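The block underneath contains the structure these notes are about, expressed in structure tokens.
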Number of protein chains: 2
Amino acid sequence: MGPAVEGRAVDKVAQRRSELAAAALETLAELGYARTGLRDIAARSEFSHGVLHYYFRDKVELITHCVREYKARCATRYDEAVATARTAEELVAGFLREQTATLTGEPQMHRLWYDLRNQSMFEPAFRADVAEIDLLLERMVWRVVSRYAELSGTRPRASSAAFYAVLDGLFQQALLRQLAGDPQAAPSLRAAVQEVLPQLVH
Amino acid sequence: MGPAVEGRAVDKVAQRRSELAAAALETLAELGYARTGLRDIAARSEFSHGVLHYYFRDKVELITHCVREYKARCATRYDEAVATARTAEELVAGFLREQTATLTGEPQMHRLWYDLRNQSMFEPAFRADVAEIDLLLERMVWRVVSRYAELSGTRPRASSAAFYAVLDGLFQQALLRQLAGDPQAAPSLRAAVQEVLPQLVH
DNA sequence: CCCGTCTCTGGACGACCGTCAAGACTTTCC
DNA sequence: GGAAAGTCTTGACGGTCGTCCAGAGACGGG
């Protein structure tokens with residue numbers, strides 16, 4: 001029979017799945033989707049490669065599960081800045097601080113996100129999850145933008161989707177430069193955001 | 001010895017390399033980097049897989065050569081619209097027409113570009129070429145934007161890099177939706193560009 | 001204590017990967 | 001026409017991939 005589908009053991013199984021998913025995320029972030037094998041993932045965990053098929057049907061289900069766990073962490077990154085800022089300038093400062101921190105602090109996690117989002121352009125199995133996360137991120141950006149407009153007594157001049165696409169484009173270019181070793185990546189991103197954002201909210 | 005490095009045969013070799021590079025591009029666009037093997041590429045050409053190592057040292061050189069040929073086609077896409085437009089509105093219309101046409105007409109080629117650009121985040125061997133193409137595209141966008149400003153008697157309100165990142169972000173989101181089968185992808189992109197651009201040039 | 005269930009290991013499978021080399025075929029030149 | 005150079009095919013190599021499975025070990029209830 002399969003893993004303990006009934007009884008209290010369910011959460012034990014869920015925990016193991018999380019554990020393996022974490023190892024998978026770590027591996028994917030380091031190697032990228034194209035170069036990550038199940039044995040690489042198992043090597044980052046404390047188990048052997050066979051166990052992956054005990055907790056996941058196949059590779060797609062494993063990666064899908066990874067992505068689902070990843071989303072939960074991402075989509076609240078700027079919420080504290082939104083909640084505590086008392087002026088528009090404070091909000092922008094908080095947003096930029098957080099954005100810069102993630103750019104320089106965990107660039108690998110972000111290149112993984114872009115990698116997986118790209119894979120969804122080729123692999124339909126990833127599309128639903130990717131679209132869901134993208135929507136979560138869009139809403140997160142929108143919370144920042146609409147609060148910014150509120151604090152500065154103005155209105156957003158573009159749709160939620162447009163704001164997300166714009167900021168994501170800026171971040172992606174910065175990430176490319178950051179990973180190429182350009183020390184100006186973070187400052188340039190800050191400058192670009194401060195340049196662009198106020199013009200789209202006035 | 002290797003292929004005819006001397007004499008007139010050089011262009012024959014270059015032509016063959018182009019032929020194989022075209023097959024490689026076609027394959028990569030269809031399958032994505034992660035799923036493309038040399039045998040898949042050879043199957044799209046009229047040759048067998050062994051010949052690839054006769055014209056290219058290894059897989060990296062082949063793909064690098066592909067990307068280099070790809071760039072030549074990309075970076076002049078909007079130049080005609082820039083040259084012929086007599087008003088700002090005409091220019092935007094021409095730009096949007098061209099952008100929509102490539103979004104719906106060759107989405108596979110574009111997902112390939114994003115795929116390869118993403119690979120450069122993991123694989124340093126691709127970084128130089130990707131950065132070079134990105135710069136070419138940035139300049140192409142800048143030609144459009146600065147001409148637009150000129151025609152409308154205004155000034156661009158952000159850097160060349162920022163404009164490129166913004167428009168690229170909008171296009172990438174549209175491409176994701178297009179490939180997911182969303183019929184609103186193209187209209188939404190047009191709307192977003194018309195919304196955002198004038199505010200960054202005024 | 002034994003037995004059934006859950007968990008995990010480690011090896012084996014067929015397929016596919018990039019690479020290479022031996023040789024067949026074609027072209028060129030003396 | 002024969003030799004040399006250029007071009008392409010074919011098959012093999014070591015390796016890695018996702019997947020599967022037989023069985024060892026751990027664990028808990030009778």
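Order of the sequence lines fixes the chain letters, A, B, ..., with proteins taken first and strands second; residue numbering starts at 1 for each chain. Given the structure is predicted, the values throughout are model-derived calculations rather than measurements.
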>> Tell me if a side-chain donor or acceptor on B:H53 pairs with a main-chain N or O of B:R57 at a distance below 3.5 Å.
In response: yes
> Under the 3.5 angstrom rule, does the side chain of A:R17 hit a backbone N or O of A:Y55 as a donor-acceptor pair?
Replying inline: yes
>> Within the 3.5 Å criterion, strictly below it, is a donor on B:E19 or B:S45 matched to an acceptor on the partner's side chain?
In response: no
>> Strictly distance-based, threshold 3.5 Å: is any side-chain N or O of A:R111 a donor or acceptor partner for the main-chain N or O of B:M121?
In response: yes
>> Please encode protein proximity along nucleotides 8-14 of chain C as a string of B, S and -, counting only heavy-atom distances under 4.0 Å.
In response: SBBBB--
> Would you find a donor on one side and an acceptor on the other, under 3.5 Å apart, between the side chain of A:D58 and the backbone of A:E61?
Replying inline: yes
> Expressed in angstrom and rounded to an integer, what is the separation of B:I63 atom CD1 from C:dC17 atom P?
Replying inline: 13 Å
> Can A:R97 and A:E80 be said to form a salt bridge (charged side-chain N to carboxylate O under 4.0 Å, His left out), step by step?
Replying inline: CA-CA 12 Å; A:R97 196 183 318 118; A:E80 200 212 330; over 6 Å; no
> Which residues within residues 113-125 of chain B lie with some heavy atom under 4.0 Å of an atom in DNA chain D?
Replying inline: none
> Which whole-number value in Å describes the distance from A:I41 CD1 to D:dG18 P?
Replying inline: 8 Å
In residues 194-202 of chain B, what donor-acceptor pairs under 3.5 Å come from side-chain atoms, sequence neighbours left out?
from   : atom 1 : to     : atom 2 : distance (Å)
B:E195 : OE1    : A:S159 : N      : 3.3
B:Q199 : NE2    : A:R157 : O      : 2.9
B:Q199 : NE2    : B:E195 : O      : 2.9
B:H202 : ND1    : B:Q199 : O      : 3.0

> Rounded to the Å, how far apart are B:H53 NE2 and C:dG18 P?
Replying inline: 8 Å
>> At a heavy-atom distance below 4.0 Å, what parts of residues 27-37 of chain A sit against DNA chain D?
In response: A:T36, A:G37
> Could you state the CG-C1' distance from B:D58 to C:dC17, rounded to the nearest angstrom?
Replying inline: 14 Å
Donor-acceptor pairs under 3.5 angstrom involving side-chain atoms of residues 21-38 of chain B: please list them, not counting sequence neighbours.
from  : atom 1 : to     : atom 2 : distance (Å)
B:T27 : OG1    : B:A23  : O      : 2.7
B:E30 : OE1    : B:R44  : NH2    : 2.9
B:E30 : OE2    : B:R44  : NH2    : 3.1
B:R35 : NH1    : A:Q119 : OE1    : 3.3
B:R35 : NH1    : B:L31  : O      : 3.3
B:R35 : NH2    : A:Q119 : OE1    : 2.8
B:T36 : OG1    : B:G32  : O      : 2.7

>> With a 6.0 Å cut-off on the ring centroids, do B:H110 and B:F171 count as close?
In response: yes
>> Quick test of your reading of the model: are B:D168 and B:R117 salt-bridged, counting only N-O distances below 4.0 Å?
In response: yes
>> Just the rounded figure in Å: distance from P of C:dT19 to CD of B:E61.
In response: 11 Å
> Side-chain donor-acceptor pair under 3.5 Å between A:Q178 and A:T104, yes or no?
Replying inline: no
> In whole angstrom, what separates B:K12's NZ from D:dG6's P?
Replying inline: 14 Å
> Could you state the NZ-P distance from B:K59 to C:dC20, rounded to the nearest angstrom?
Replying inline: 15 Å
> Can you check the B:F56 CZ to D:dT7 C1' distance for me, whole Å?
Replying inline: 15 Å
> Under the 3.5 angstrom rule, does the side chain of B:E90 hit a backbone N or O of B:R86 as a donor-acceptor pair?
Replying inline: yes
>> Determine whether a donor-acceptor pair (N or O, by modelled atom type, separation under 3.5 Å) exists between the side chain of A:R127 and the backbone of B:L179.
In response: yes
> Considering only heavy atoms, which members of residues 17-24 of chain B lie under 4.0 Å from some atom of DNA chain D?
Replying inline: none
